[in-house]
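This one's a predicted model, so the numbers in the text were calculated from it and none came from an experiment.
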Amino acid sequence: MAVELDVFVGNTTIMDEEVYQLWLDGYTVNDAVKVRMEGGVLEECETSAEVLLSDTMDQYRTFQMCERLLYSPAKLANQLLFQIPPHRQAMLIERYYAFDDAFVREVLGKKLSKGTKKDLDDISAKTGVTLKSCRRQFDNFKRVFKVVEELKGPLVENIRQHFLLSDKLARDYAAIVFFASNRFETGKRKLHYLTFQDFAFCAGQLISNWTVGAIDNMVEDMDVDLDKEFLQELKELKILITDKDLLDQHKSLVCTALRGKTKAFNEMEANFKNLSRGLVNIAAKLTNTKDVRDFFIDLVEKFIEPCRSDRWTAGDMRLYLTHYTNSAHILDTFKQELKDHFCTPTQPGHPQPGRGHTGQGRADREKTDPEDLSMPLSCCAYHKPSASDISKAPLPV
């Protein structure tokens with residue numbers, strides 16, 4: 001008996017975005033089928049469970065064959081095996097390199113090594129992210145880290161160009177690379193209230209203002225290595241707490257500016273010297289690797305927690321730090337001390353050491369105008385990657 005069949009032949013690879021996400025999330029074929037059935041796909045497509053299973057298996061095979069191309073996303077556009085439209089290629093890449101905030105929060109600041117990979121079982125159980133998905137995300141972090149490690153030029157741009165990621169995702173990966181390189185401590189209990197996006201924001205500020213790339217935009221690791229010369233210069237800020245007269249003048253200026261502007265004024269006035277010592281001492285110790293690693297925990301313990309205990313709001317903290325920084329600019333003794341240090345004559349052909357890390361653009365970083373010489377204080381007071389920026393997250397309960 002003759003059987004009539006309708007046959008359609010095409011060369012465009014069919015990919016179901018829902019199934020792709022299930023594959024990325026680490027679901028097995030059978031589990032993915034169950035999820036699809038619970039979503040009502042059988043009724044929607046008027047098909048059977050057997051056909052759904054076959055379709056899911058076929059989709060999984062396609063994704064597995066495409067995966068090797070996703071390791072180097074540029075290859076996806078140049079290969080001929082799969083006919084995938086550009087917008088679908090972008091979706092495949094973006095989703096493949098997407099990550100779970102809960103997972104990245106657990107590995108942020110850790111070395112991207114085999115030792116950390118061995119802990120993925122525990123991280124999977126803790127976060128609820130499947131082990132397969134944890135491995136994919138970890139391998140992506142490591143892959144991006146290795147590719148951009150020795151490249152010259154801006155970190156975010158290198159990631160965006162080599163992995164064809166969106167600007168937002170490229171910046172998130174830049175934060176991951178930056179934290180992994182500098183090994184910042186983020187796992188202590190007192191830091192648990194901070195989300196990955198809180199740390200990513202701070203990473204962006206540190207990259208823009210504190211790295212060697214803020215001066216020279218064509219050096220290796222330019223957005224990864226902290227500027228050691230700048231960190232050494234921060235020690236000069238200790239005059240703000242070691243000179244009693246200067247400390248008293250600074251307090252007077254700040255308190256005068258704050259009076260009547262905040263309900264926490266009494267606490268600010270009473271604790272000014274302790275808070276100032278805390279900030280300046282953190283800055284002065286950043287030449288030591290261990291103190292760099294403990295940067296965030298030191299900020300929380302020595303500045304944020306005291307402010308929290310006095311019931312400061314995030315707005316109070318921003319106001320305090322703004323006046324703390326601005327008031328130092330008009331301290332004549334402080335400006336003269338910085339001028340004497342930063343304006344020391346240098347060898348011909350060498351830049352003046354006073355770069356004034358203002359975060360106003362790389363070209364501005366070489367200014368030696370006396371009015372700009374006290375600008376490193378803005379980094380000491382964390383007015384750029386500041387305690388107030390960190391406090392945008394809810395204070396720990």
Asks: Got a sec: does the CZ of Arg311 have more than 12 other heavy atoms crowding it under 6.0 Å?
Replies: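 No, CZ of Arg311 has 12 or fewer neighbouring heavy atoms, counting only those of other groups under 6.0 Å.
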Asks: Over 60° means perpendicular and under 30° means parallel, so classify the ring planes of Trp23 and Tyr60, tilted if in between.
Replies: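 Perpendicular.
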Asks: Are side-chain heavy atoms of Tyr320 and Met268 found at a separation under 4.5 Å?
Replies: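 Counting from C-beta outward, Tyr320 and Met268 do come under 4.5 Å.
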Asks: Would you mind writing out the side-chain donor-acceptor pairs for residues 61-69 within the sub-3.5 Å range, not counting sequence neighbours?
Replies:
from: Thr62; atom 1: OG1; to: Asp58; atom 2: O; distance (Å): 3.1
from: Glu67; atom 1: OE2; to: Tyr96; atom 2: OH; distance (Å): 2.7

Asks: Hey, any chance Leu279 and Trp210 share a hydrophobic cluster, counting ILVMFWY side chains that come within less than 4.5 Å of each other, even indirectly?
Replies: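 Same hydrophobic cluster.
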Asks: Tell me whether Arg88 contacts the main-chain N or O of Ile14 through its side chain, where contact means a donor paired with an acceptor under 3.5 Å.
Replies: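 Side chain of Arg88 to backbone of Ile14, a donor-acceptor pair under 3.5 Å: no, none is there.
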Asks: Could I get the full list of side chain to side chain donor-acceptor pair (under 3.5 Å) partners for Lys126, not counting sequence neighbours?
Replies: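 Per chain and number, Lys126 pairs via side chain to side chain donor-acceptor pair (under 3.5 Å) with Glu106.
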Asks: For Tyr173 together with Phe99, are the ring centres under 6.0 Å from each other?
Replies: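 They qualify: ring centres under 6.0 Å apart.
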Asks: Could you pull out all donor-acceptor pairs under 3.5 Å where a side-chain atom in residues 32-40 meets a protein atom, sequence neighbours excluded?
Replies:
from: Arg36; atom 1: NH1; to: Asp55; atom 2: OD2; distance (Å): 2.9
from: Arg36; atom 1: NH1; to: Thr56; atom 2: OG1; distance (Å): 2.9
from: Arg36; atom 1: NH2; to: Asp55; atom 2: OD2; distance (Å): 3.3

Asks: Say whether, by atom type as modelled, one donor and one acceptor occur between the side chain of Asp310 and the main chain of Trp312 under 3.5 angstrom.
Replies: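 Not at all, since once roles are kept as given, no pair shorter than 3.5 Å links the two residues.
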Asks: Test: ring-ring contact (aromatic ring centres under 6.0 Å, His included). Region: residues 24-44. Which pairs qualify, not counting sequence neighbours?
Replies: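 Listed by first then second residue: nothing to list.
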Asks: Who pairs with Lys114 by salt bridge (charged side-chain N to carboxylate O under 4.0 Å, His left out), at least two apart in sequence or on another chain?
Replies: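 If we apply the salt bridge (charged side-chain N to carboxylate O under 4.0 Å, His left out) test to Lys114, skipping adjacent residues, there are no hits.
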Asks: Considering residues at least two apart in sequence or located in another chain, which fulfil the side chain to side chain donor-acceptor pair (under 3.5 Å) criterion with Asp25?
Replies: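 With sequence neighbours excluded, Asp25 shows a side chain to side chain donor-acceptor pair (under 3.5 Å) to Gln21, given in chain and number order.
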Asks: For residues 283-292, dump all side-chain donor-acceptor pairs below 3.5 Å to protein atoms at least two apart in sequence or in another chain.
Replies:
from: Asn288; atom 1: ND2; to: Asp291; atom 2: OD2; distance (Å): 3.1
from: Lys290; atom 1: NZ; to: Asp294; atom 2: OD2; distance (Å): 2.7

Asks: Enumerate the residue pairs fulfilling ring-ring contact (aromatic ring centres under 6.0 Å, His included) with a member in residues 252-289, sequence neighbours excluded, ordered by first and then second residue.
Replies: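 For residues 252-289, and leaving out neighbouring residues, the ring-ring contact (aromatic ring centres under 6.0 Å, His included) pairs sorted by first residue read His250-Phe272, Phe272-Tyr324.
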Asks: Holding to side chain to side chain donor-acceptor pair (under 3.5 Å), I want the full list of residues that pass it with Asp101, two or more places apart in sequence or in another chain.
Replies: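 With sequence neighbours excluded, Asp101 shows a side chain to side chain donor-acceptor pair (under 3.5 Å) to no residue whatsoever.
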Asks: Indicate, with yes or no, if Val156 and Leu206 share a hydrophobic cluster defined by side-chain heavy-atom contacts under 4.5 Å among Ile, Leu, Val, Met, Phe, Trp and Tyr.
Replies: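 Looking at the clustering, Val156 is in a separate group from Leu206.
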Asks: Could you list the residues that satisfy salt bridge (charged side-chain N to carboxylate O under 4.0 Å, His left out) with Lys117, not counting sequence neighbours?
Replies: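 Scan of Lys117 (salt bridge (charged side-chain N to carboxylate O under 4.0 Å, His left out), adjacent residues dropped) gives Asp139.
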Asks: Using ring-ring contact (aromatic ring centres under 6.0 Å, His included) as the criterion, list what pairs up with Tyr97, not counting sequence neighbours.
Replies: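 Phe163.
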Asks: Under the side chain to side chain donor-acceptor pair (under 3.5 Å) test, which residues partner Asn182, sequence neighbours left out?
Replies: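 Checked Asn182 against side chain to side chain donor-acceptor pair (under 3.5 Å); zero matches.
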